[in-house]
Amino acid sequence: MKAKILAIAAQKGGVGKTTTAVNLAVAFSKFWGKNTLLIDLDGQGHVGPCLASYLLDGETKPLSDCLLSQKGDCLEIAMPTRIKGLYVTPSDKGLSHAEAILATKIGREFSLKHALKRACEYYDCIVIDCPPNLGNLTLCGLVAADACLVPCQLEPLSIGGISDILAVLGTIEDRLGHRCELVGILPVRVDKRNQRLTSAMLEKLHRVYQEKVLPVHIPVNSALAKAQMLGLSVFDYEPLSVGAKAYQELARLVLEKLKTLL
Ligand code: ADP
Ligand code: MG
């Protein structure tokens with residue numbers, strides 16, 4: 001068995017990367033019984049607070065140590081949670097510092113890939129929550145990943161940023177010989193109340209990216225934000241909310257796509 005590794009990446013902050021990474025990882029383990037590791041590759045450490053009610057006491061080494069050491073192994077730092085089958089790496093404020101040190105290392109792009117070698121044999125799925133830029137850590141995430149999901153808010157600047165990340169995927173393939181498949185572009189925080197702008201932006205997204213745009217959309221839904229504030233999964237907080245249903249549907253679609261793409 002080899003884990004399928006999915007990176008959630010976008011150049012901007014606040015577009016729903018962490019929300020998507022957390023809800024997908026929870027859905028994979030909760031609804032599909034997948035042994036899942038959620039990697040928090042962002043120094044802001046938002047994954048921990050989002051899942052606070054499920055975290056168990058205990059200390060482990062930070063992810064940055066894994067990335068900087070030749071023998072770093074994510075399997076050793078993964079923490080179990082109260083959600084069966086879900087494991088997370090701890091929040092790590094040292095990641096931004098690690099990013100600066102990585103910049104000076106040969107083969108830095110492969111640090112996470114190496115650190116996941118053993119974890120790949122143990123988990124079914126590994127979800128990587130990338131930081132809000134296209135720096136060294138995101139690069140490590142994409143090089144470690146088999147596939148990538150790009151959340152996009154329906155705003156002109158977010159849509160503009162997609163081409164940058166697609167260009168990075170191309171460069172990774174050309175220069176580093178690693179193919180990270182695009183699972184798709186995920187329209188997030190879709191606001192039905194703002195119908196005219198929403199349809200215009202969706203139309204533009206489809207015109208430019210066509211079948212790369214996923215058929216599942218994540219609506220604006222306060223249950224998603226409120227659940228995070230309480231450190232609960234939206235599937236426990238408000239399982240019938242439109243946000244919970246959309247992420248459950250997304251998880252099904254992503255698993256299906258991973259099966260056909262990989
Ligand atoms: P990123 O990881 O890209 O910086 P987050 O996932 O942390 O973005 O989302 C930023 C903020 O927006 C968070 O406070 C989150 O609760 C909120 N949020 C994300 N997605 C939604 C949504 N679909 N509906 C309402 N609020 C959302
Ligand atoms: Mg985030």
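Just follow the structure's listing: the first ligand is 1, and inside any ligand the first atom is 1.
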**OP:** Report, in ascending order of atom number, the atoms of ligand 1 lying under 4.0 Å from any heavy atom of Leu224.
**Re:** 22 (C), 23 (N)

Original post:
Within the distance-only criterion (no hydrogens, no angle test), does the side chain of Glu99 pair as donor or acceptor with the backbone N or O of Asn136 below 3.5 angstrom?
Top reply: yes

Subject >> Taking atom 14 (O) of ligand 1 as the reference point, the nearest protein heavy atom with its distance >> reply: Gln228 OE1, 4.1 Å

Original post:
How far does CG of Asp73 sit from CZ of Arg118, to the nearest 0.5 angstrom?
Top reply: 4.5 Å

Original post:
Is Lys17 in polar range of ligand 1, meaning some N or O pair under 3.5 Å apart?
Top reply: yes

**OP:** Using only heavy-atom distances, determine whether the side chains of Asp129 and Thr18 contain a donor-acceptor pair under 3.5 Å.
**Re:** yes

**OP:** Considering only non-hydrogen protein atoms, determine which one is nearest to atom 11 (C) of ligand 1 and report residue, atom name and distance to 0.1 Å.
**Re:** Arg189 NH1, 3.8 Å

**OP:** Mark the output for Val188 as yes if a heavy-atom distance to ligand 1 is under 4.0 Å, and as no if none is.
**Re:** no

Subject >> Those atoms of ligand 1 less than 4.0 Å from some heavy atom in Ile218 >> reply: 23 (N)

Subject >> ligand 1-proximal atoms of Thr18, by part, heavy-atom distance under 4.0 Å >> reply: both

**OP:** Under 4.0 Å from a heavy atom of Ala225: give me the atoms of ligand 1 that qualify, with their elements.
**Re:** 16 (O)

Original post:
Among side-chain atoms of Asp40 and Thr89, is any donor-acceptor pair under 3.5 angstrom?
Top reply: no

Original post:
If Ile, Leu, Val, Met, Phe, Trp and Tyr residues are connected whenever their side-chain heavy atoms lie under 4.5 Å apart, and connections chain through other members, are Val47 and Ile128 in the same group?
Top reply: no

Subject >> Residue pair Val168 / Leu142, side-chain heavy-atom distance below 4.5 Å >> reply: yes

Original post:
Of the protein's non-hydrogen atoms, which lies at the shortest distance from atom 8 (O) of ligand 1, and what is that distance?
Top reply: Gly16 N, 3.0 Å

**OP:** May I ask you to list the atoms of ligand 1 that are less than 4.0 angstrom from any heavy atom of Val15?
**Re:** 1 (P), 3 (O), 8 (O)

Original post:
What distance do Leu63 atom CG and Leu95 atom CG have between them, rounded to the nearest 0.5 Å?
Top reply: 5.0 Å

**OP:** Considering heavy atoms of the protein only, find what lies nearest to atom 25 (C) of ligand 1 and give residue, atom and distance to 0.1 Å.
**Re:** Asn221 O, 3.3 Å

**OP:** On the 0 to 90° scale, with breaks at 30° and 60°, tag the Tyr87-Tyr122 ring pair as parallel, tilted or perpendicular.
**Re:** perpendicular

Subject >> Shortest protein heavy-atom distance from atom 5 (P) of ligand 1, along with the residue and atom involved >> reply: Thr19 OG1, 3.6 Å

Original post:
Given that the side chain starts at C-beta and the backbone is N, CA, C, O, which of these parts of Pro219 lies under 4.0 Å from ligand 1, counting heavy atoms, or is it both or neither?
Top reply: backbone

**OP:** Assess the pair Phe31 and Phe235: is the distance between their ring centroids shorter than 6.0 Å?
**Re:** yes

Original post:
Strictly under 4.0 Å, does any heavy atom of Gly13 approach an atom of ligand 1?
Top reply: yes

**OP:** Please identify which atoms of ligand 1 are closer than 4.0 Å to at least one heavy atom of Gly14.
**Re:** 1 (P), 3 (O), 4 (O), 8 (O), 10 (C)

Subject >> N, O or S from Thr19 under 2.8 Å to the Mg ion (ligand 2) >> reply: no

Original post:
Do Asp164 and Gln11 have side-chain atoms, one donor and one acceptor, less than 3.5 Å apart?
Top reply: yes

